[in-house]
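What follows is a single structure, written as structure tokens, with notes after it.
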Amino acid sequence: MLNRVFYKYKELILYGFFGVLTVIVNIISFKLLLILNTPLLYANTVAFFIAVLFAYYTNTKYVFNDKFTKKNFISFISMRVGTLFIDNIMLYYLVSMSVDELIAKSIINIIIILINYICSKFIIFKKN
């Protein structure tokens, strides 16, 4: 029975698993850049792109079992750049309200994961 449930929700489970790993990559990159005295939004943007490259690889290969194509890559990056604006605006706002950077980053990542799943599932990797 557990096998049946896993296969029914395999894509969502794998997306969640690799989503958590992507968040970890994002937060570790962000924290390391802050330790190196990188300005907040610059550190967030660089960490974001590191995480996006990781996410594209894992989503394409393991979650949606799709081919690495220029079209998918450009769509994926374009969609994620859109969420970068949300990420930076929310981070700036929360930190300016004295929320710890890592707590703010964690809250924002939950919202971004939901947006990214919907866009990935129904736009970038949609099955014809």
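The figures here come from the full heavy-atom set of this structure, side chains too, leaving out hydrogens, waters and symmetry mates. If you're wondering where the values come from, they're calculated on a predicted model, not measured in any experiment.
Val52 and Ile110 fall into different hydrophobic clusters, defined by Ile, Leu, Val, Met, Phe, Trp and Tyr side-chain heavy atoms under 4.5 Å apart, directly or through other members. Criterion: ILVMFWY side-chain heavy atoms under 4.5 Å apart, direct or through other members. Under it, Ile115 and Val81 are part of a common hydrophobic cluster. No continuous path of hydrophobic side-chain contacts links Phe122 to Phe64 [ILVMFWY only; heavy atoms under 4.5 Å]. Clustering ILVMFWY residues whenever any of their side-chain heavy atoms sit less than 4.5 angstrom apart, transitively, puts Ile103 in the very cluster that holds Met97. Under the 4.5 Å side-chain heavy-atom criterion for ILVMFWY residues, a single connected hydrophobic cluster contains both Leu41 and Leu102.
Closest heavy-atom contact between Asn116 and Met79: OD1-SD, 3.3 Å. Smallest separation of non-hydrogen atoms from Glu11 and Val63: O-CG1, 3.7 Å. Looking at every heavy atom in both residues, Ile50 comes nearest to Ser29 through CG2-OG, 3.7 Å. Listed here is the closest heavy atom pair of Ala51 and Thr22: O-CG2, 3.6 Å. Residues Ala47 and Leu33 approach most closely at N-CD1, 4.0 Å, considering heavy atoms. Scanning all heavy atoms of the two residues, the minimum distance from Leu91 to Glu101 falls at CD1-O, 4.2 Å.
Note: Ile112 CD1 to Lys105 NZ = 8.5 Å, rounded to the nearest 0.5 Å. Atom CD1 of Ile77 and atom CG of Leu53 lie 5.5 Å apart (nearest 0.5 Å). How far CD1 of Ile118 is from CD1 of Ile113: 12.0 Å, rounded to the nearest 0.5 Å. In this structure, OG in Ser106 is found 11.0 Å from CG in Leu94, a value given to the nearest 0.5 Å. Interatomic distance, OH of Tyr92 versus CG of Leu40, reported as 9.5 Å (0.5 Å rounding). With values rounded to the nearest 0.5 angstrom, Tyr56 atom OH is found 11.5 Å from Arg80 atom CZ.
Legend: ring-ring contact (aromatic ring centres under 6.0 Å, His included) pairs involving residues 16-42, not counting sequence neighbours, sorted by first then second residue: Phe18-Tyr62.
Aromatic ring orientation, Tyr57 versus Phe68: parallel (interplanar angle below 30°, classes split at 30° and 60°).
Asn109 meets the side-chain hydrogen bond (donor to acceptor under 3.5 Å, both in side chains) test with no other residue; sequence neighbours excluded.
Inspection of the Asn72 and Lys67 side chains reveals no N or O donor paired with an N or O acceptor under 3.5 Å. Side chains of Thr45 and Asn88: a donor on one and an acceptor on the other come within 3.5 Å.
Under the 3.5 Å distance criterion, the side-chain polar atoms of Thr38 are left unmatched by any main-chain donor or acceptor of Leu34.
Contact check for Phe49 versus Leu84: side-chain heavy atoms found under the 4.5 Å cut-off. Between Asp87 and Thr83 there is no side-chain heavy-atom pair separated by less than 4.5 Å.
In summary, Asp66 and Lys61 do not engage in a salt bridge, as defined by a charged side-chain N under 4.0 Å from a carboxylate O.
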